[in-house]
Amino acid sequence: MCSVCSVGNPAESQGFWLVEDSLTGCGELTRSQLLCSTPSGRAFCLTSTFMSKVRVRFAPSPTGFFHIGSARTALFNWLYARHTGGTFILRIEDTDQARNSEEFLRLIYNSLTWLGMDWDEGPNPDGVGERGSFGPYRQSQRADIYKQYLQKLLDAGRAYEKDGAIWFKLLGERFKTYDEHRKKEVEKVKAAPVVIEDLIRGRVERAEDEDFVIFRSDGNPVFHFVNVVDDITMQVTHIIRGEDHLSNTSKHVRLYEGFGVTPPVFAHIPLILKSPEMGQGKMSKRDKGALIEEYQQRRFLPEALVNYLSLLGWNAGDDREKMPIAEIIKLFDLPGVNQSNARFDGKKLGHMNMLYLLELPAGRFLTLAREYFETLPDRVVAAAALSSPADYFAAVMALAQPKIKSIDELAAYTVYFFTDGFPCDAKVKEKVLAKGDPKARLAELMAALPAMDFSSDAAIEEGIKALAVKHGLGFGDYQAVARLAVTGTNVGPSITGIFRLLGLARIQARLQSFLSTV
RNA sequence: GCCCUCAUCGUCUAACGGUUAGGACAGUAGAUUCUCAUUCUAUAAAUCGGGGUUCGAUUCCCCGUGAGGGCACCA
């Protein structure tokens, strides 16, 4: 029996079954596809899994900020669509009129676009009109379709009205029992459990033993109903969603049966949990680092975020972690997705971001840096940076790019290039002044400065080294105190680069004014 | 309370039933460059517990325990 489409058996196969003996010849199949067929004893029918076109959907509801878990679910759907050459659908689940907002809707389009997840069907990214021939793609515009499908259930005797709402009717013997959780008596139905063949979890059985509401008394359909109707009418082949929906799936399967439709393939992906410092449970919108918007504002590189997200619950099968998106698409597959939940690790994400930052073309870094300063809350620093000559700004950024871990460090890291009003770190000052004879070093440096060649980093280095040799000291003896005087800190790019960009006059002025404070 | 899922270093994860249990992030200690960051080297760190099956179990089975999710006229 095919684990996916539940049809036929390998003995009757026409050569379209993925079974152990026939693997060697299947060069087209990925490693994880091969593996999934054997350890768990599952078999897949190629006709259903690979030969019909994959259609997957991401179906967010615009009731809150777009967060990391949603992005990962979207990503896995998108990756699977791109991996299989299938279709990625964006559907807006906006049936909860009280909590929907246009602002959140725009945020969904914006975030997906920023992350590079383009959709083949759904509303257009600008919110005007839509694409695809299975629309409308906003549930708020699909009322007629829901009415029509409700009628099918009514006609089949599988739905009934009670207390003004419409309920889905389960088949089987009925009995009453007391529900501890809800503290009331409920009517249950005796029936064989629902069997879910999940691509990631394997076979899951769950009893579905209570009628449930499909249309509220206000006339609006509920999630379970619209979700299933939409997936049927949009011809969705694979439902990739968070494991938190696994318990809902039995309801959905019963609805598919009620409509006389074979359910799609389910793949319930693990959840993203809070990092240990953040506490227990799944990542929530209130957790630090949970919102995609935050990374966008901090100018994280979307490709780094996507790469990091792809590694939460999935891996390439070897030791590689940083990979171009094309490689991830090539290697990604559903049976290779882990079953256990993953904790979010902002530090590792930061590391990934740095890796991408290091190899970012200077031109793009410059664009991002400019955008960053344009939206920087500190308008004084921003104005100073943005009003500097373009080539000077570019030179400063070139100095900073290989040294910072994320773009939002840029203001603090480069402030002294753009203004004389930079802060001086008191602790660093104390430390540096305590070592050797810094005042003497500064005096020597100032004396040597006018004769120094400022044309290149190498020339500057040579000048300072010559000075050091002359006094029987090391480069570091001048570097540390000069850096403190000129930048107010002990971290930053090479001192030679700082000297070269700032130029003789400003170096002299800063050394002078620093000397007056010690 | 009931139902479902999961379980390898602190974290993300590798390991046809046979490995000195590997890599990455974070940590620690060094090296290097003018600081910092990078880089390099070294180091510490894991198979939840108990039973089976097996010549042999991280891997298969059962029971505990722990973690997560669900149990709405929310999605």
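The chains referred to below are lettered A, B, ... by the order of the sequence lines, with proteins before strands, and numbering in each begins at 1.
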| said: What's His268(A) touching, base or sugar-phosphate or nothing? Going by heavy atoms closer than 4.0 Å. | reply: nothing
| task | Evaluate the ring planes of Phe332(A) and Trp314(A), with Trp represented by its six-membered ring, and classify them as parallel (under 30°), tilted (30 to 60°) or perpendicular (over 60°). | result | tilted
| task | Give Asn227(A) one of three labels, base, sugar-phosphate or nothing, depending on what nucleic acid heavy atoms sit under 4.0 Å from its own. | result | nothing
| Heavy atoms under 4.0 Å, any strand shown: does Arg182(A) hit a base, just sugar-phosphate, or nothing? | sugar-phosphate
| Ignoring hydrogens and angles, does a donor from either the side chain of Glu243(A) or the base of G70(B) sit under 3.5 Å from an acceptor on the other? | no
| query | For the base of U35(B), is there a side-chain donor-acceptor partner from Lys403(A) under 3.5 Å away? | reply | yes
| query | Is the Tyr146(A) ring parallel, tilted or perpendicular to the Phe225(A) ring (thresholds 30°, 60°)? | reply | perpendicular
| query | How long is the line joining CG of Leu410(A) and C1' of C36(B), in whole Å? | reply | 15 Å
| cation_pi(Lys322(A), Tyr356(A)) dist<6.0 Å, angle<=45 | yes
| Contact class for Gly242(A) vs. all strands (heavy atom < 4.0 Å): base, sugar-phosphate, or nothing? | nothing
| query | Of the nucleotides A75(B), C25(B), G69(B), which one has an atom closest to the side chain of Asp345(A)? | reply | C25(B)
| Does the A26(B) base have a donor-acceptor partner in the side chain of Lys348(A) within less than 3.5 Å? | no
| task | Indicate, with a heavy-atom threshold strictly under 4.0 Å, whether Glu93(A) touches base, sugar-phosphate, or nothing. | result | sugar-phosphate
| task | Check whether the side chain of Lys347(A) and the base of C25(B) form a donor-acceptor pair under 3.5 Å. | result | no
| task | Anything under 30° is parallel, anything over 60° is perpendicular, the rest tilted; go ahead and classify His471(A) against Tyr478(A). | result | tilted
| task | Mind calculating the distance between CZ (Arg441(A)) and P (U35(B)) to the nearest angstrom? | result | 17 Å
| Where each residue is assigned the nucleotide of RNA chain B containing its nearest heavy atom, which of Asp179(A) and Tyr413(A) is assigned the position nearer the 5′ end? | Asp179(A)
| task | Using a 4.0 Å heavy-atom cut-off across all strands, classify Ser61(A) as base, sugar-phosphate, or nothing. | result | sugar-phosphate
| query | Of all the nucleotides listed (C6(B), G1(B), A75(B)), which has the minimum atom distance to the side chain of Ser340(A)? | reply | C6(B)
| message | Of the options C6(B), G68(B), A24(B), whose atoms approach the side-chain atoms of His351(A) most closely? | response | A24(B)
| Does NZ or CZ of Arg72(A) come closer than 6.0 Å to the centre of the six-membered ring of Phe76(A), within 45° of the ring's axis? | yes
| task | Under 4.0 Å between any heavy atoms, over every strand shown, what does Asn341(A) touch: base, sugar-phosphate, or nothing? Just pick one. | result | sugar-phosphate
| field | Listed nucleotide nearest any side-chain atom of Val222(A), set C74(B), U35(B), C4(B) | value | C74(B)
| request: Please figure out whether Tyr308(A) or Gln280(A) has its closest RNA chain B nucleotide nearer the 5' end. | output: Tyr308(A)
| message | Heavy atoms only, 4.0 Å cut-off, all strands: where does Gly281(A) land among base, sugar-phosphate and nothing? | response | sugar-phosphate
| request: Select one nucleotide: of A14(B), C6(B), C12(B), the one nearest the side-chain heavy atoms of Glu321(A). | output: C12(B)
| request: Check every strand shown and say whether Thr496(A) touches a base, only sugar-phosphate, or nothing at a heavy-atom separation below 4.0 Å. | output: base
| request: Grab the OH-P distance between Tyr146(A) and C73(B) for me, whole Å please. | output: 19 Å
| said: Using only modelled atom types and a 3.5 angstrom limit, is any donor from either the side chain of Ser217(A) or the base of C73(B) paired with an acceptor on the other? | reply: yes
